Q: 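Once you've had a glance at the structure underneath, I'll fire off some questions.
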Amino acid sequence: MRKYWLTRDGNPGLILFMLGWAADHHAVEHLAPEGYDMLCVYDYRTLEPFAAEEFSAYRNVTLFAWSFGVWAAERTCRDVASDCAVALGGTPYPVDDRFGIPRRAFLATLRGLRGSGAETFNRRAYGADYDRLAPFFDKRPFEDKLDELGVLFERSAEPYMPSLDWTAAVVGDRDAIFPPANMLAYWKEKAVVKPLPHYPFGDPGIVSGYLKKIENDNR
């Protein structure tokens with residue numbers, strides 16, 4: 001599990017990004033809300049649960065978990081006192097015929113990645129933001145990403161009980177990775193449907209909207 005601080009200036013608020021498979025901090029570096037430090041977490045070949053006191057210096061903590069990061073957040077953020085927790089393009093059951101990526105589809109994706117690389121997957125996942133982010137896709141070695149995906153497949157099959165109190169779940173109606181119907185089946189009334197591909201951060205309003213709501217609630 002890797003951690004990268006995009007901003008660490010002693011701001012009163014913290015945004016904790018639990019990113020998706022194969023991503024790194026470049027996925028959210030264009031977001032720069034005032035008054036917040038930003039910590040990105042990715043590469044879930046190993047998991048290191050956060051301690052309760054780790055972010056105690058912050059007045060508020062906002063969690064944005066994307067794709068496989070939703071599952072990773074469930075496994076590492078149970079002691080994090082977040083003011084708002086938003087799932088985006090994922091569920092706590094990432095490989096699941098009812099609530100996640102169907103097992104057969106996941107295995108087909110894994111075979112395709114091993115056979116022909118990640119370009120097709122990335123184009124489907126990132127949509128209109130593909131060209132902007134493509135220069136950063138090779139920053140992490142492809143073999144490391146494949147290794148991570150294999151680990152995620154095995155570990156996400158281990159039984160566990162989700163326990164985080166999610167505020168909302170953003171479901172992209174153009175998501176070509178996680179079936180929207182499966183996400184809606186899991187999140188039910190917490191689901192917020194948006195016209196998005198699997199990658200949600202191309203719309204900065206997704207993050208700024210929830211931050212504004214927290215700021216208004218804290219007044």
Side-chain angles (χ1 to χ4, degrees), residues 1-2 17-24 26-28 41-47 64-76 87-160 162 169-188 191 193-203:
M1 192 167 99
R2 301 189 195 183
F17 289 107
M18 300 294 293
L19 298 175
W21 170 72
D24 63 16
H26 293 101
V28 293
V41 183
Y42 57 94
D43 190 351
Y44 304 122
R45 288 177 289 180
T46 59
L47 295 176
F64 289 100
W66 170 41
S67 192
F68 264 95
V70 178
W71 169 84
E74 287 280 0
R75 305 309 294 260
T76 61
L88 307 108
T91 74
Y93 298 106
V95 184
D96 188 274
D97 289 345
R98 294 173 58 206
F99 298 134
I101 302 170
R103 180 184 173 89
R104 289 179 64 181
F106 183 93
L107 291 173
T109 297
L110 186 55
R111 287 193 298 270
L113 289 166
R114 286 173 173 161
S116 57
E119 181 177 355
T120 298
F121 175 89
N122 287 335
R123 287 188 179 278
R124 294 175 68 220
Y126 289 90
D129 288 284
Y130 173 86
D131 289 337
R132 175 174 64 84
L133 291 166
F136 306 114
F137 290 150
D138 293 333
K139 296 295 184 181
R140 290 180 57 193
F142 184 61
E143 288 303 319
D144 285 2
K145 297 177 184 179
L146 281 180
D147 185 39
E148 180 191 4
L149 195 59
V151 170
L152 288 171
F153 177 68
E154 294 176 2
R155 292 213 57 188
S156 64
E158 298 172 0
Y160 85 107
V170 176
V171 174
D173 63 6
R174 300 198 298 267
D175 196 318
I177 307 301
F178 270 77
N182 286 13
M183 289 189 282
L184 291 171
Y186 180 81
W187 292 114
K188 296 183 173 64
V193 180
K194 297 282 187 179
L196 296 169
H198 184 58
Y199 173 71
F201 300 114
D203 178 3

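Start at 1 with the first residue, then count along the sequence. This is a predicted model, so every value here is computed, not measured.
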Q: Suppose we screen for ring pair (Phe, Tyr, Trp, His ring centres under 6.0 Å). Which residues come up paired with Y130, at least two apart in sequence or across chains?
A: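 Y130 satisfies ring pair (Phe, Tyr, Trp, His ring centres under 6.0 Å) with F137 only.
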
Q: Taking all non-hydrogen atoms of both residues, which atom of A65 and which atom of V70 are closest, and how far apart?
A: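 Between these two residues, the closest heavy atoms are O-CG2, 3.4 Å.
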
Q: For E74, enumerate each residue passing the salt bridge (charged side-chain N to carboxylate O under 4.0 Å, His left out) test, keeping only those at least two apart in sequence or located in another chain.
A: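 E74 satisfies salt bridge (charged side-chain N to carboxylate O under 4.0 Å, His left out) with no other residue.
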
Q: Do you know the tightest heavy-atom contact between G20 and S67?
A: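 Scanning both residues, the minimum pair turns out to be CA-CB, 3.9 Å.
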
Q: Residues in salt bridge (charged side-chain N to carboxylate O under 4.0 Å, His left out) with E143, at least two apart?
A: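 Scan of E143 (salt bridge (charged side-chain N to carboxylate O under 4.0 Å, His left out), adjacent residues dropped) gives none.
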
Q: By the salt bridge (charged side-chain N to carboxylate O under 4.0 Å, His left out) test, which pairs, at least two apart or in different chains, include something from residues 119-131?
A: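 Counting only pairs at least two positions apart or across chains, the salt bridge (charged side-chain N to carboxylate O under 4.0 Å, His left out) contacts touching residues 119-131 are E119-R123, D129-R132.
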
Q: Is there a side-chain contact between F178 and V171 in this structure, where contact means two heavy atoms from C-beta onward sitting under 4.5 Å apart?
A: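 No; the side chains remain at least 4.5 Å from each other.
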
Q: Using the six-membered ring wherever Trp is involved, compare the ring planes of W21 and F121 and label them parallel, tilted or perpendicular (cut-offs 30° and 60°).
A: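 Plane angle over 60°, so perpendicular.
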
Q: Return the set of residues passing side chain to side chain contact (heavy atoms under 4.5 Å, CB included) with P197 (not counting sequence neighbours), or none when no residue passes.
A: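 For P197, the residues satisfying side chain to side chain contact (heavy atoms under 4.5 Å, CB included) (neighbours in sequence not counted) are R174.
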
Q: Mind checking the CZ-OG1 spacing from R155 to T46? Nearest 0.5 Å is all I need.
A: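 Reported value, rounded in 0.5 Å steps: 9.0 Å.
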
Q: If you look at every heavy atom in W187 and P92, which pair is closest and at what distance?
A: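 The pair with the smallest heavy-atom distance is CZ2-CD, 3.8 Å.
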
Q: Which atom pair, heavy atoms only, marks the closest approach of F201 to A27?
A: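 Closest approach of F201 to A27: CB-O, 3.9 Å.
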
Q: Are R75 and Y160 in a cation-pi contact, defined as NZ or CZ under 6.0 Å from the six-membered ring centre and within 45° of the axis?
A: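 Yes - R75 lies over the ring of Y160, closer than 6.0 Å to its centre and within 45° of its axis.
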
Q: Who pairs with F136 by ring pair (Phe, Tyr, Trp, His ring centres under 6.0 Å), at least two apart in sequence or on another chain?
A: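 With sequence neighbours excluded, F136 shows a ring pair (Phe, Tyr, Trp, His ring centres under 6.0 Å) to H26, given in chain and number order.
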
Q: With sequence neighbours excluded, what pairs up with D144 under the salt bridge (charged side-chain N to carboxylate O under 4.0 Å, His left out) test?
A: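 D144 satisfies salt bridge (charged side-chain N to carboxylate O under 4.0 Å, His left out) with R2, R45 only.
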
Q: Among all residues two or more places apart in sequence or in another chain, which pass the side chain to side chain contact (heavy atoms under 4.5 Å, CB included) test with T76?
A: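 Side chain to side chain contact (heavy atoms under 4.5 Å, CB included) list for T76, sorted by chain: M1, M18, L47, F50.
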
Q: Could you tell me which residues satisfy side chain to side chain contact (heavy atoms under 4.5 Å, CB included) with L107, sequence neighbours excluded, listed by chain and number?
A: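 Applying side chain to side chain contact (heavy atoms under 4.5 Å, CB included) to L107 gives R103, R111, F153.
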
Q: State which residues pass side chain to side chain contact (heavy atoms under 4.5 Å, CB included) with P200; sequence neighbours excluded, sorted by chain then number.
A: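 For P200 the side chain to side chain contact (heavy atoms under 4.5 Å, CB included) partners, ignoring immediate neighbours, are W66, L88, L196.
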
Q: State, yes or no, whether a side-chain contact exists between L184 and V193 at a heavy-atom distance under 4.5 Å.
A: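 Yes - at least one pair of side-chain heavy atoms lies under 4.5 Å apart.
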
Q: Taking D43 first and then R140, would you say they form a salt bridge - that is, a charged N and a carboxylate O separated by under 4.0 Å?
A: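 Yes, this pair counts.
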
Q: What I'd like to find out is whether the side chain of D173 reaches to under 4.5 Å of the side chain of P180, using heavy atoms alone.
A: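 No. Closest side-chain heavy atoms not under 4.5 Å.
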
Q: Can you sort out the partners of F64 under ring pair (Phe, Tyr, Trp, His ring centres under 6.0 Å), two or more places apart, ordered by chain and number?
A: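 For F64, the residues satisfying ring pair (Phe, Tyr, Trp, His ring centres under 6.0 Å) (neighbours in sequence not counted) are F17.
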
Q: What's the spacing between N182 CG and T91 OG1 if we round to 0.5 Å?
A: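 Output value for this atom pair is 8.0 Å.
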
Q: How close do Y42 and A23 get, counting heavy atoms only, and between which atoms?
A: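 Smallest interatomic distance, heavy atoms only, reads CD1-O, 3.4 Å.
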
Q: Testing the basics here: between L113 and L146, what is the closest heavy-atom pair and its distance to 0.1 Å?
A: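 Looks like CB-CD2, 3.8 Å.
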
Q: Say you draw a straight line from CZ of R114 to OG1 of T109; how long is it, rounded to the nearest 0.5 Å?
A: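 Those atoms lie 11.5 Å apart.
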
Q: Is the NZ atom of K145 crowded by more than 12 outside heavy atoms at less than 6.0 Å?
A: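 Count over threshold, so yes.
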
Q: Rounded to the nearest 0.5 Å, what separation is found between the CD1 atom of I101 and the CZ atom of F68?
A: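 Reported value, rounded in 0.5 Å steps: 5.0 Å.
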
Q: For the CG atom of N122 and the CG atom of L133, what is their distance to the nearest 0.5 Å?
A: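 CG of L133 is found 9.0 Å from CG of N122.
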
Q: Do any pairs count as a salt bridge (charged side-chain N to carboxylate O under 4.0 Å, His left out) and have a residue in residues 93-102, sequence neighbours left out, and if so which ones?
A: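 Passing the test, one end in residues 93-102: no pairs.
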
